[in-house]
Structure formats: C-alpha cells, structure tokens
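Worth saying up front: this structure is predicted, and the values here are computed from it rather than measured. Numbered from 1 within each chain, the chains take letters A, B, ... in sequence-line order. Scope of the values below: all heavy atoms of this structure, side chains included, with no hydrogens, waters or symmetry mates.
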Number of protein chains: 2
Amino acid sequence: MKLTMREIAKMAGVSVTTVSLVLNDKEARISQKQRTKIKEIARKNNYVPNSSAVSLAKNESNTIGVVVPNISNPFYSSLIKAISNELSKRGYYSLIINSNDNHENEAKQVAKLVSRGVDGILLVPSNDLYAQGTDKVNTFLNSIDIPFVLVNADSDLDINQVNLDSFEGGYLATQLLIDNGHTDIAIVTGNKGFVNAETRLLGYQKALADNGLTIDPNLVFRAPYDLNGGYERIQQIQQTPATAIFFCSDLMLYGAVKQFNESKRNLFDHYSIIGYDDTFINEIFNPTITSVKQNVSQLGSEAVRVLYTALSSKLTINVKLDVTLNVRDSVKALD
Amino acid sequence: MKLTMREIAKMAGVSVTTVSLVLNDKEARISQKQRTKIKEIARKNNYVPNSSAVSLAKNESNTIGVVVPNISNPFYSSLIKAISNELSKRGYYSLIINSNDNHENEAKQVAKLVSRGVDGILLVPSNDLYAQGTDKVNTFLNSIDIPFVLVNADSDLDINQVNLDSFEGGYLATQLLIDNGHTDIAIVTGNKGFVNAETRLLGYQKALADNGLTIDPNLVFRAPYDLNGGYERIQQIQQTPATAIFFCSDLMLYGAVKQFNESKRNLFDHYSIIGYDDTFINEIFNPTITSVKQNVSQLGSEAVRVLYTALSSKLTINVKLDVTLNVRDSVKALD
DNA sequence: TTGAAAGCGTTACCAT
DNA sequence: ATGGTAACGCTTTCAA
C-alpha cells in the first residue's frame with residue numbers, strides 16, 4: 001500500500017524532517033549512514049511521494065497547462081507532441097486541453113487550469129478568439145495572471161510569445177510563384193482576424209510589390225483554414241484570371257483538390273499550387289506539393305524554453321522563428 | 001490575489017465548514033440566506049478552489065493518465081481528442097503522455113503517472129510493447145496497480161479493455177475485394193505481434209476460407225504501420241499475381257502510392273486498394289479510397305466510460321466495437 | 001443550522 | 001546532525 005514519509009521515519013527511527021531531507025537530496029547535514037538507510041527503506045517499499053501534498057506545501061505543481069484549438073488537426077498534434085516531449089524532458093507534466101476553437105470555452109479552460117494550480121500555461125489560441133478583435137484578445141490575455149506564453153500567434157502586448165514568421169512564409173511562397181513567371185496569383189488566407197492570416201497576406205503583398213506587380217484585391221480570398229474553406233473558394237477562384245494559387249494551409253489546398261476531383265478534373269493541371277504547413281501527405285500526391293515548411297518541433301521547444309524562463313523571471317521574451325519553403329513539383333513555370 | 005475559504009468565511013462571518021458545504025453544494029442544512037451570501041462573495045472575489053488541497057483532502061486527483069505511442073499520428077490524435085473531450089465532460093483532467101512507441105519508456109511513464117497520483121490510466125499500448133511477446137505484455141499489465149483500461153489492443157488477462165473489432169475489419173475488407181471478383185488478394189498487416197495485426201490477418205483468412213478461396217502465404221506481408229512499411233512492401237507485392245491489396249493502415253497505403261508515383265505510375269491503375277482507419281485524406285485522393293472505418297470517437301468515449309466504472313467497482317469489462325467499411329472508388333470489379 | 005477541530009502528506013523554519 | 005511543528009487549503013466527523 002501507499003507508504004508515507006511518516007511511516008518511513010518510524011521504520012528508520014528518525015524524524016519526517018530527516019526523511020524529507022534525504023529523499024529530496026537536500027544538501028543537509030545528515031550522516032551518510034542515515035541517508036543510505038532511509039533511501040534503502042524507501043526503495044524497498046517502493047515509496048512514491050504524494051504529489052498533491054508536495055504541490056500544496058510548495059505551492060507549485062510541476063504541471064503546465066497546454067491549450068490548443070484542436071488536438072487532432074495535424075499541425076496542432078505535431079505541436080503538442082513537440083511540447084509535451086520537451087516538457088517531460090524538463091520534468092514537467094502537461095495538461096493538454098482542447099478549446100474546440102471556441103473562445104468562450106478557451107477562457108473557461110484557462111481559468112480551470114489556473115485554479116488547478118498549474119505552474120504556467122502554453123496558450124495556442126483559437127481562431128475564434130482572434131476573430132473577436134484585438135480588444136477582446138487583449139482583455140483575455142491580460143486576464144491570465146500566471147506565467148504563460150502565447151504560441152503560434154502574435155500580440156502587441158508585452159507578453160511572452162513565440163511564433164513562426166508568417167510574413168516570411170507569405171513572402172517566400174509568393175516569390176517562388178513569381179519566379180516561375182506567374183503574375184496573377186490568388187491567395188486564400190484565413191478569415192478576417194484569424195491567427196496569422198493578415199501576416200501571411202502582408203508577406204504576399206510585399207512580394208508582389210517588390211516585384212513591381214499590382215496587388216489585385218479580387219485575387220485575395222479568405223476562408224477558415226480547413227478542407228471546406230478550400231473547397232468553396234476554389235469555385236470562386238475559377239472566375240478569376242489566376243494561374244497560381246497560394247493556400248495558407250494545406251488543408252484548404254486539399255479541399256480544393258477534392259472539389260476538382262469531384263468534377264473529374266485535376267487541380268494541378270490548371271494551376272500552380274503552393275500550400276502551407278508541409279503536411280507529410282504532400283509528398284504522397286502526384287505531383288508532390290510545394291509548401292511552406294514550419295519547424296513545428298522548434299516552435300514547441302522554444303515555447304517551452306520561454307515559459308521555463310518566465311517561471312523564474314519577470315522579463316518578457318518575443319521569439320519569431322524562420323520558415324522555409326519545401327519545394328516540390330506543384331509549381332510549374334508559366335510559359 | 002488568491003482567495004481561500006478561510007478568507008471567505010471571515011468575510012461572511014461564518015466558519016470554513018459552512019463555506020465548504022455551500023460552495024460544494026452539499027445537501028447540508030444551511031440557511032438559504034447564508035448560501036446566497038457566501039456564493040455571492042465567492043463569485044465577486046472570483047474564488048477558485050486550490051485543487052492540490054482538494055486532492056490531498058479527498059485522496060483523489062481528478063486526473064487520468066493517458067499513454068499513447070505517438071501523439072501526432074492521425075489515428076492516435078483523433079483518439080486523444082475523443083478521450084480528452086469525454087474526460088473533461090466528466091470533470092477529469094487528462095495527463096497525456098507520449099511513449100514514443102518504446103516499451104521501456106512506456107513502463108517508465110506509467111510508473112510516473114501512478115506516483116503522480118492519477119486516479120486511473122487509459123493505456124493505448126505501443127506496438128513495441130506487444131512485439132515483446134505475450135509474457136512481457138502480461139507482466140507489464142499486471143504490474144499496474146491502479147484502475148486502468150487497455151485501449152485499442154487485446155489481452156487474455158482479466159482486465160478492462162476496449163478495442164475495435166479488427167477481425168471484423170479484416171473480414172469486411174477482404175469480402176469486398178472478393179465480391180469484386182478478386183481472388184489473388186495481398187494483405188499488408190502489421191509486424192509480428194503488433195497491436196491488432198494478427199486479428200486483422202485472421203479476418204482476412206476467414207473471409208477467404210468462407211468463400212472457398214485458398215490462402216496463399218506468399219500474399220501475406222508484414223510491415224510497420226507507417227509510410228515506409230507500405231513503400232517497401234509494394235515493391236515485393238509486384239512480384240506476385242495479386243490484383244488487389246488490403247493495407248492494414250492508411251499510412252502504409254500512402255507509402256505504396258508514393259512508391260508508384262516516384263516511378264510515374266498510378267497505384268490505383270494497377271490494383272484494387274483498400275485501407276484501414278479511414279483517414280480524412282482518403283476522400284481527397286483520385287480515386288477516393290475505400291477504407292475500414294473505425295469509430296474512434298466511440299472508442300475514446302467507451303474507454304472513458306469503462307475506466308469510470310472501474311474507478312468505483314472491481315469487476316472487469318471487455319468491450320469490442322464494431323467497425324464498418326467506407327466504400328469509395330479504389331476497389332474496382334475484376335473482369 | 002452551524003462550528004471546532006482533526007486530518008490529508010509534504011515542506012521549511014526554528015530549535016536543539 | 002537531527003527533530004518538532006506550523007503551515008499549505010481543503011474535507012469531514014462530531015458536537016452543539
């Protein structure tokens with residue numbers, strides 16, 4: 001059965017203080033004899049500390065709350081994997097919560113996590129939250145009164161944040177299309193306010209401008225970052241002169257592929273295509289799909305690193321990670 | 001700052017007992033007046049209970065450990081989503097741990113979870129564990145001395161387990177192929193011992209036998225359930241007279257598609273294909289891919305339900321969930 | 001209808 | 001070098 005320090009103390013004929021000191025490897029002045037004896041007893045009886053008691057006494061839980069919009073989305077699940085591996089490496093447990101991309105639920109979950117006594121929070125915000133506008137976002141962010149870091153999103157606030165460089169992503173993708181001779185380039189970015197949607201659009205626009213191309217607002221489309229978003233927008237894009245399309249998420253791209261398949265056509269025969277996220281499935285398609293590759297595992301480990309320092313210091317850190325292009329075969333030179 | 005019951009009690013001019021009773025909505029004999037007054041104070045000051053203290057006092061943590069082989073694998077991430085949503089619905093937190101498909105790490109993580117004081121464990125075992133053989137598996141399973149349920153795998157032991165019916169999956173898939181006139185049907189199942197690998201194979205064999213077809217051992221292939229597994233096996237399958245292939249995971253199937261694409265051929269032109277898991281991407285391919293559909297969210301919620309009853313009772317439950325076939329276009333009649 | 005107090009398993013301060 | 005004990009914030013039994 002569950003053994004307590006008190007019992008070990010009794011067995012060893014010492015006080016609980018001594019046991020605690022020894023079992024926690026404190027630099028205290030305890031004789032080597034006692035040390036080995038106590039440790040031996042603990043080991044033999046297979047002692048495990050009661051973490052609720054430890055948390056209560058130390059007022060810390062060794063647990064980090066991780067809030068994400070959708071655990072099963074490929075991007076988020078890779079991120080979670082990176083985060084939880086890094087956290088576990090540092091001796092922390094992760095309490096992973098699904099906000100279901102709903103800002104009210106998200107707020108509720110964060111509150112519960114705080115009450116639960118987590119030491120800190122890694123917040124991967126929902127699009128639903130960001131769609132509420134900056135004021136709402138800021139109010140929410142400011143209401144979190146324990147150490148936390150905003151992951152995969154930007155904020156003007158002076159808070160800890162680590163994000164991938166979406167501007168660069170938008171720029172690189174667009175530049176590749178331009179380099180291949182395209183001038184009528186459509187973009188399908190996230191809905192108004194959605195996480196990273198504006199930044200990717202800005203990168204796209206800057207690339208066009210830098211190359212002396214005009215920015216045609218009729219080539220800018222918006223949708224949720226999912227299958228359906230792409231499925232619907234591709235139907236409108238066909239009304240435009242676009243020869244190339246930059247989808248700001250691979251899922252959208254797949255949705256477009258599906259739409260074309262349904263009418264027995266091949267999306268890639270009609271357009272040069274570039275996606276975002278570099279989902280593993282991109283190399284399975286024919287042609288293989290060029291996509292903006294985000295280093296998700298780096299995003300996760302940086303987020304943990306930043307939170308870790310936030311746990312013991314007051315200054316805020318703002319990290320922006322580079323992205324690259326994984327060039328494959330879905331972009332063809334326009335002739 | 002953090003408010004405690006003691007402070008609320010002081011503000012309300014009552015005892016902590018009363019506060020506790022009220023805030024926990026106990027059926028106790030407290031006047032309605034006090035009730036509203038106390039609740040009001042708590043609400044206004046935004047009181048949240050300290051869960052470490054609650055856990056310590058009640059000797060339960062309201063958290064469940066969930067161990068999975070790979071958080072970012074589409075199948076597991078859907079399962080995690082279902083589990084954690086269901087758990088949260090029942091007021092539990094989930095401590096999700098990645099075993100990285102390594103049985104030693106898996107054992108270590110389970111031990112940590114126990115010491116952490118979780119109320120129970122949902123174990124989705126690694127293939128690496130099952131590949132060690134039944135004895136090792138049983139020893140490990142028997143060593144877990146808190147309520148737990150084995151998820152997505154079978155065991156001869158008298159323990160709680162909930163799994164999808166892999167025999168049925170194998171049978172249905174094979175029957176569909178047979179119904180379409182195929183007699184030389186290759187199967188790529190998991191490696192020896194891998195979770196559900198034998199059962200799917202048995203379903204395949206039974207379907208062949210039931211239809212009076214001979215079971216050709218040369219058409220049985222084994223591989224890890226991943227991209228590479230399919231990529232490699234498809235090269236060997238081409239040496240056989242097979243006209244149809246049953247991949248026991250969609251990932252394997254994608255690997256085979258990739259192999260064909262690389263040599264400018266289309267897998268679906270050469271074979272009737274059926275996969276397993278019904279990953280969302282299957283409807284994006286051309287042709288869309290037929291696959292064995294497992295009701296993952298049901299698997300998750302059943303697992304939670306079983307664990308929930310296990311928390312308060314001693315009898316063990318063994319649940320097997322039906323699977324269905326999601327018939328699309330990748331299986332063609334042989335003429 | 002309400003309160004006092006013991007107890008949950010630790011930690012950490014203060015003695016000795 | 002070691003021990004006593006308050007404290008952490010809550011639940012629960014027993015009394016009033």
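- Residue B/Glu7 contributes atom CD, which lies 14 Å from atom C1' of D/dA7 at whole-angstrom precision.
- The side chain of B/Val16 approaches C/dA5 more closely than any other nucleotide in the set C/dG9, D/dA1, C/dA5.
- Distance from the side chain of A/Pro49 is smallest for C/dT10 among the nucleotides C/dT11, D/dG9, C/dT10.
- Applying the side chain to side chain donor-acceptor pair (under 3.5 Å) rule to A/Asn100 yields the partners A/Asn98; only residues at least two apart in sequence or on another chain are considered.
- Take the nearest nucleotide of DNA chain C for B/Ala57 and for B/Val14: the residue whose nucleotide is more 5' is B/Val14.
- Phosphate contact (OP1/OP2 of D/dG3, side-chain N/O of A/Thr18, threshold under 4.0 Å): present.
- Looking at residues two or more places apart in sequence or on another chain, you find a salt bridge (charged side-chain N to carboxylate O under 4.0 Å, His left out) between B/Lys39 and B/Asp25.
- Atom CE in A/Met5 sits about 16 Å away from atom C1' in D/dG4, given to the nearest Å.
- Judged as a salt bridge (charged side-chain N to carboxylate O under 4.0 Å, His left out), and not counting sequence neighbours, B/Glu60 has no contacts.
- If you take CG of B/Leu56 and P of C/dC8, they are 9 Å apart, rounded to a whole angstrom.
- Map B/Ser15 and B/Ala53 each onto its nearest nucleotide of DNA chain C; the residue landing nearer the 5' end is B/Ser15.
- Atom-to-atom, NZ of B/Lys58 to P of D/dT12 comes out at 6 Å; the value is rounded to the nearest Å.
- The side chain of A/Ser20 approaches C/dT11 more closely than any other nucleotide in the set D/dC10, C/dT11, D/dT2.
- At a cut-off of 3.5 angstrom, the base of C/dA12 holds at least one donor-acceptor pair with the side chain of A/Thr17.
- Here A/Asn59 lies out of heavy-atom contact (under 4.0 Å) with every strand.
- With distances taken from any side-chain atom of B/Lys26 to the nucleotides D/dA1, D/dT12, C/dT11, the minimum falls on D/dT12.
- Between the C1' atom of D/dG3 and the CD1 atom of A/Ile38 lies a distance of 12 Å, rounded to the nearest Å.
- Put simply, CG on A/Leu21 is 10 Å from P on D/dT2, counting in whole angstrom units.
- With sequence neighbours excluded, the residues that form a side chain to side chain donor-acceptor pair (under 3.5 Å) with A/Lys320 are A/Asp154.
- Scored by the side chain to side chain contact (heavy atoms under 4.5 Å, CB included) test, B/Thr139 finds no partners at all (sequence neighbours excluded).
- Summary of helix geometry: the two end axes of the helix from C/dT1-D/dA16 to C/dT16-D/dA1, each defined by five base pairs via their C1' atoms, are inclined to each other by 40° (rounded to 10°).
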